[in-house]
Protein chains: 2
Amino acid sequence: MIDVARRAGVGLGTVSRVVNGGHGVRDETAQRVRAAIDELGFQRNEVARALRPGKKSTSLALVLGDLTNPFYASIAKASLEVAGQSGFAVVLGSVDEDPEGEKRAIQELVSRQVAGLMIVPDQGDHAFLQGAGVPVVFVDRPATGIDADIVMVDNEGGGRIAAEHLLEQGHQRIAIILAPSYYTIGRRLRGFRRAHRAAGIEIDESLVIQLPEGNAEAAEKATREVMLRADPPTAIFSSTNFLTEGVLRALGELGSELEHEPAVVGFDDFRLADMLPTPVTVVASDIAELGRSAARLLLDRASGADTRPPQRIVLPCALIERGSGERPPDSAGKRSTR
Amino acid sequence: MIDVARRAGVGLGTVSRVVNGGHGVRDETAQRVRAAIDELGFQRNEVARALRPGKKSTSLALVLGDLTNPFYASIAKASLEVAGQSGFAVVLGSVDEDPEGEKRAIQELVSRQVAGLMIVPDQGDHAFLQGAGVPVVFVDRPATGIDADIVMVDNEGGGRIAAEHLLEQGHQRIAIILAPSYYTIGRRLRGFRRAHRAAGIEIDESLVIQLPEGNAEAAEKATREVMLRADPPTAIFSSTNFLTEGVLRALGELGSELEHEPAVVGFDDFRLADMLPTPVTVVASDIAELGRSAARLLLDRASGADTRPPQRIVLPCALIERGSGERPPDSAGKRSTR
DNA sequence: TAAGACGTTGGAAACGTTACCGTCCAGGAG
DNA sequence: CTCCTGGACGGTAACGTTTCCAACGTCTTA
């Protein structure tokens, strides 16, 4: 920058003004400065910029679990787009599984002076963020110990819709497969229960299956076990996209061993759901909007444009009927050909 | 940091030394400093740290296309893990589609003083990176105008394996569906051609189908068209995971209209490939290793530990047989039940 | 004509850290 | 006892910006 100033025959302040939009600089001077910038290939150093008193970097942090899960990937992509439009980059914190690793990752990010944090929180207390002086938006689920913005999906509504749909088809014994995550899954279960109560149907608690792990394998194992019981369910609601995969895999392998193939509804849409042997009915929501909203909100907070009390944005869920949820409880058919 | 120094009754230099490992500091002094750090909740400011002469930030940049594509998501996840283990964060540049947007994103990242760049390059010249003074590793495909490290997959070998497999099954009319990407797709096609030449079989050039876009819809349309010809292929090799999806969708919809359902082999594995009505045979490689290798290489370059001339790492491809590639060319069967 | 107002510019301080240099002290060697 | 060595520590410059203040010139107004 000093070189540019010398070359243009002006002071540093003037160069800075030009770089930042050029207000209060005579046109002719600005031209000269811009010429010097081009000739020298000067580029502003964002690091030095962020060092200024009180200033933050023009980066947003995103802390989430497995990017390989399309759910998280969608959030990342969408928030990246929104941030990029405002000239912000997105820093991904490396997230190990343990909650302690998450805390460490977050602090790493804070030490980088990010302008804001978007966090898909693990369980564990996030109170340490309270006084960090950096705006935080939680995504998909709230965190404990801190009152901050949160963007999420209507989990309870989604659980209710799924159950209502199956109940309407006449199912009375519906299993629900639960991943070991606290908040969202709990809400989905609550919606599931409410729908049953509203329909006046008692839930067989042995069909409320809590998995030790949230992956497809655990769901596959649980599904096989429950379907091979003497009194298997006639329908299954799986609370997560990966879980749905496991459920379907188990049903596929069980195949003709089953007298009645159960109806299936999954929470969260997934790619190829419509191309499986029986297309899968799901409760879906606009995941990308989750990421976009979070980024937008965070940018407004970071710029100081938004000083409202912590917001709570809830996106709706909708049922996408594809076939697997439409099987009646007394269907005598084996696996259908399509 | 000044506060810490005062509180511990030492100078700034000492605090700095303690923060950085504590060499050359008496144990007792270090204890006092550490106590002060804890009491004040001091955290090192990475921004100021990166400002030091010649220093770069402890961030790696990752520039890639659509995170929603599991292929890219795997790369991102893997590189994130490796970087995180060395205390590096990963900054994702927002990538619009146009090559100009990519250049802008890269320069944004460079201005943030990242320690290195991992780029999955679009077409377009990357010569402007030559003198940027920051190490670059290209991922999945090389870039023009610059001689840098590159980590990629054996595209030609993969194309060859796929074609060989289909040829061994007796197929003589194999269509290949090509996405409009330059390098990788070209190599896959080359392997495809070599296998044909080695088998002494002439390729019907009207079965070499170049798509205008790389999405599933384009592949679906092209597949429908080619299958409804008077002389349809007996097998299809799709050069990309999204394309494979489109191919399968078209075949599913065509269904019984087809006299012979073609064999299908896809490039790149994808989730649920084994659960489709006919499980899909694919040519797969270790995508995560792609990301890991890139990150490792870049970290070594950034630290100065690796000063070798630009490396070229090529990961092998392997065939995963699942069924769709095993259909003989004269199969009279309609869609199989499983 | 003098005084103020305003637009344009230059200069310097400040941000938080690290690296270098110099000082100080203790202990060992001559 | 003196000198030297080496370890421990303090102080300061430097990194590249932005922002504030002062200075200067021009124009308007009384």
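Each chain gets a letter, A, B and so on, in the order its sequence line appears, and its residues count up from 1.
Between P121(A) and H126(A) the shortest side-chain heavy-atom distance falls below 4.5 Å.
Looking at which nucleotide of DNA chain D each of R52(B) and V10(B) is closest to, the 5′-most match is held by V10(B). Of the two residues contacting DNA chain D, namely R17(A) and L12(A), the nearest-nucleotide position lying further toward the 5' end is that of L12(A).
For R32(B) and E28(B), the salt-bridge test passes: some basic side-chain N is under 4.0 Å from an acidic carboxylate O. Of the charged side-chain nitrogens involved, none lies within less than 4.0 Å of a carboxylate oxygen, so that E108(B) and R104(B) do not count as a salt-bridged pair. Taking 4.0 Å as the cut-off between side-chain N and carboxylate O, E46(B) and K55(B) do not count as a salt-bridged pair.
For DNA chain C, the outermost nucleotides in 5' to 3' order that have an atom under 4.0 Å from a heavy atom of chain B are dG16(C) to dC20(C). From the 5' end on, the contacts that DNA chain D makes with chain A at under 4.0 Å to a non-hydrogen atom open and close at dG16(D) to dC20(D).
Using a 4.0 Å heavy-atom criterion, one finds that R49(A) contacts the sugar-phosphate atoms exclusively. Residue I2(B) is classed as having no contact, given no heavy-atom separation below 4.0 Å to the nucleic acid. Using a 4.0 Å heavy-atom criterion, one finds that G24(A) contacts the bases of the nucleic acid, with or without backbone contacts as well. Residue V19(B) is out of contact with every strand shown, counting any heavy-atom pair closer than 4.0 Å.
Annotation: the span from R44(B) atom CZ to I37(B) atom CD1 amounts to 10.0 Å, rounded to 0.5 Å.
Taking every heavy atom of both residues into account, S86(B) and L299(B) meet most closely at OG-CD1, 3.6 Å. Heavy atoms only, all atoms of each residue included: I2(B) and L12(B) are closest at CG1-CD2, 4.1 Å.
Under the salt bridge (Lys or Arg N to Asp or Glu O under 4.0 Å) criterion, E39(A) pairs with R7(A), not counting sequence neighbours.
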